[in-house]
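What's counted below: heavy atoms across the whole structure, side chains too, no hydrogens, waters or symmetry copies.
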Amino acid sequence: MTTSTEKKPRIAIHNLQSLPNLATFKIHNYVLDLIKKGHVEYLYFDEVGRLKDIRQKLAALNSIRKKYSWTELGLNKVKFLFTERALNKHVDILLNFNSTHSTQFTPAIKRFKGIKIFHLMDYFWYEPGSVKYERLQEYGVDYLMSYSSSDKHCPYFKKTFPNYLGKVIAVPFGYTDRFVSTIPFGKRENKCVALGSVNPFRPADANPSNYLETADFYSREKFLHKFRRMIVENLDTLKDQVDSMLPVFPKYKDFKYDIVQKFNDYKMFTCDETMFYFPTAKTYEGVASGCVMVCSDHSCFKEFGFMDGVNCITHRQFDIAHLKERIAEYQNKPKELEAIHRRGLEFVRNRLSHKAVADRLSEIYTSIFNDCQKTGIRIDISSYSFLQKV
């Protein structure tokens with residue numbers, strides 16, 4: 001928690017109009033709660049460039065206007081900055097949540113004197129992580145945000161982003177308001193539903209430059225969602241425990257069903273951490289829908305507060321037999337399973353909603369700023385935890 005002796009930094013968000021999924025899936029909308037809850041004082045927009053750039057920004061802003069009002073974006077709570085001079089005068093920390101795309105790196109960003117914290121988003125896709133790394137280094141980005149402590153969990157990150165070991169803030173997805181528990185737990189199907197994409201490392205419909213580096217790193221693996229693919233391959237042995245909505249290769253995505261309804265139809269759902277070792281968005285969305293998460297015992301779940309038998313059920317990583325055993329165990333323990341359901345709901349509502357994510361990020365930013373002020377250097381933050389001290 002932020003102490004009374006800590007100074008609150010002046011924080012700006014860079015190019016809000018470029019936030020991924022702002023007008024669609026809204027999976028990163030804790031960023032809006034950073035604004036609406038007063039954690040961010042400024043929005044910084046790059047200085048006007050070419051006519052083409054202006055048109056692209058206007059198109060992005062127009063799509064956002066169709067989804068939100070002025071107050072829904074929190075624009076009544078912030079001041080706008082448009083010049084490099086204003087950025088350096090008013091801002092201590094600059095946040096960017098726009099996938100470290102090349103368009104986000106300008107001369108003004110390179111020359112900014114404060115702390116720069118950028119969210120990597122999908123650092124394993126669209127362009128090589130090594131290219132992102134060189135850009136981040138060149139422009140002096142101090143800290144990274146990622147879907148988990150990637151510097152601790154992900155072998156690809158450790159190899160590709162060496163100067164950011166100890167410089168990563170783990171940020172959970174949280175969940176949007178549409179993920180709610182509507183069907184009483186006792187009326188749900190007493191099985192585990194498997195859903196989501198089963199992405200290959202080498203999709204046939206994508207440019208190889210999008211995935212080649214990560215595919216080469218995992219040269220022996222065929223699927224980014226390794227455990228989901230293992231479930232597909234073992235459905236015959238799991239027929240009494242698992243109902244699958246997982247696509248079967250060569251199909252690897254399916255958006256035809258209502259995911260909130262599916263979570264509400266079942267008592268349990270499977271969740272994997274991908275080969276990049278982070279809890280996917282469904283981790284939070286499923287639990288918020290009242291469905292008990294069945295996940296691996298990997299520490300990327302534990303760092304966000306998920307505990308076996310308390311608010312989730314765990315199995316040994318990449319172990320289908322143990323998955324079957326754990327689901328079957330709780331199919332025969334209805335009272336214990338419902339207790340996990342209740343604790344899971346309470347936990348995500350109190351600690352992992354978008355509002356809660358925004359509050360905790362604000363505390364982390366403040367601690368980083370004050371610790372850097374004390375030492376005069378960019379500190380190691382490997383001891384920081386997303387979990388609040390209670």
Side-chain angles (χ1 to χ4, degrees), residues 9 11-16 18-20 27-28 30-31 34 39-40 44 91-106 109-110 112-174 213-214 217 273-281 299-300 303-304 357-358 360-369 371-372 377-387:
I11 300 176
I13 291 175
H14 183 210
N15 288 343
L16 179 68
S18 299
L19 178 66
I27 58 176
H28 301 295
Y30 52 82
V31 177
L34 279 170
H39 299 312
V40 168
Y44 170 67
V91 176
D92 299 309
I93 296 178
L94 181 65
L95 306 175
N96 183 291
F97 296 89
N98 305 331
S99 302
T100 60
H101 192 274
S102 59
T103 57
Q104 304 300 301
F105 295 82
T106 64
I109 298 304
K110 180 180 284 191
F112 174 60
K113 298 179 178 63
I115 298 172
K116 306 169 199 177
I117 306 177
F118 278 44
H119 200 313
L120 275 177
M121 301 292 182
D122 295 349
Y123 60 89
F124 40 81
W125 184 241
Y126 290 124
E127 70 175 344
S130 59
V131 173
K132 288 183 179 293
Y133 175 71
E134 292 299 326
R135 190 182 298 136
L136 291 161
Q137 290 287 283
E138 179 185 352
Y139 284 78
V141 173
D142 301 291
Y143 297 98
L144 301 178
M145 294 176 279
S146 192
Y147 300 140
S148 72
S149 294
S150 300
D151 55 336
K152 298 176 183 177
H153 305 316
C154 177
Y156 172 72
F157 181 96
K158 292 177 183 179
K159 177 180 183 295
T160 311
F161 298 84
N163 285 355
Y164 289 103
L165 303 184
K167 300 291 178 66
V168 175
I169 303 169
V171 183
F173 282 95
E213 185 170 279
T214 49
F217 185 86
E273 61 273 25
T274 85
M275 292 304 295
F276 297 96
Y277 301 96
F278 65 90
T280 63
S299 55
C300 70
E303 77 173 342
F304 290 128
V357 171
R360 181 56 185 145
L361 283 178
S362 175
E363 293 175 351
I364 291 172
Y365 300 147
T366 298
S367 293
I368 290 174
F369 173 73
D371 288 346
C372 287
I377 60 173
R378 299 299 188 246
I379 62 164
D380 184 301
I381 59 171
S382 55
S383 62
Y384 283 42
S385 170
F386 185 84
L387 296 177

Sidechain-backbone polar pair: [X] side chain, [Y] backbone, donor-acceptor under 3.5 Å:
X: N96; Y: N98; result: yes
X: S148; Y: Y277; result: yes
X: K159; Y: C154; result: no
X: D151; Y: G166; result: yes
X: K158; Y: S150; result: no
X: S362; Y: A358; result: no
X: K132; Y: S99; result: yes

Distance check, rounded to the nearest 0.5 Å: [X] atom [atom1] versus [Y] atom [atom2]?
X: C372; Y: I377; atom1: SG; atom2: CD1; value: 8.0 Å
X: T100; Y: L120; atom1: OG1; atom2: CG; value: 5.5 Å
X: I117; Y: Y143; atom1: CD1; atom2: OH; value: 7.5 Å
X: I109; Y: T106; atom1: CD1; atom2: OG1; value: 4.5 Å
X: L144; Y: F157; atom1: CG; atom2: CZ; value: 5.5 Å
X: L136; Y: K167; atom1: CG; atom2: NZ; value: 12.5 Å

Original post:
With a cut-off of 6.0 Å (strictly less than), are more than 12 heavy atoms of other residues, nucleotides or ligands near NZ of K110?
Top reply: yes
Tell me whether the centres of the aromatic rings in [X] and [Y] are closer together than 6.0 Å.
X: F118; Y: Y123; answer: no
X: H119; Y: Y147; answer: yes
X: F304; Y: F386; answer: yes

Subject >> Trace of the side-chain contact (heavy atoms from CB on, under 4.5 Å) decision for H39 with Y365 >> reply: CA-CA 10 Å; H39 299 312; Y365 300 147; over 6 Å; no
Distance-only side-chain donor-acceptor flag, [X] / [Y], under 3.5 Å:
X: Q104; Y: Y139; result: no
X: Y44; Y: N15; result: no
X: Y164; Y: D142; result: no
X: E273; Y: T280; result: no

Would a 4.5 Å heavy-atom cut-off, applied to side chains only, mark [X] and [Y] as touching?
X: I169; Y: I368; value: yes
X: D371; Y: Y384; value: yes
X: L95; Y: H14; value: no
X: V357; Y: P172; value: yes

**OP:** Using the test side chain to side chain contact (heavy atoms under 4.5 Å, CB included), find all partners of S385 that sit at least two apart in sequence or belong to another chain.
**Re:** L387
Original post:
Could you walk me through whether H153 and F276 pass the side-chain contact (heavy atoms from CB on, under 4.5 Å) check?
Top reply: CA-CA 8 Å; H153 305 316; F276 297 96; over 6 Å; no
Subject >> Y30 and H28 aromatic ring geometry - parallel, tilted or perpendicular at 30°/60° bounds >> reply: perpendicular
**OP:** Return each pair, listed once, that meets salt bridge (Lys or Arg N to Asp or Glu O under 4.0 Å) where at least one residue sits in residues 92-105; pairs must be two or more places apart or across chains.
**Re:** R10-D92
**OP:** Identify whether the distance between the nearest side-chain nitrogen and carboxylate oxygen of E138 and R135 falls below 4.0 Å.
**Re:** no
**OP:** Would you please test L165 and K152 for side-chain contact (heavy atoms from CB on, under 4.5 Å) and show each step?
**Re:** CA-CA 8 Å; L165 303 184; K152 298 176 183 177; over 6 Å; no
Original post:
Can you check side-chain contact (heavy atoms from CB on, under 4.5 Å) on T160 and E213, steps first, answer last?
Top reply: CA-CA 10 Å; T160 311; E213 185 170 279; 3.8 Å; yes
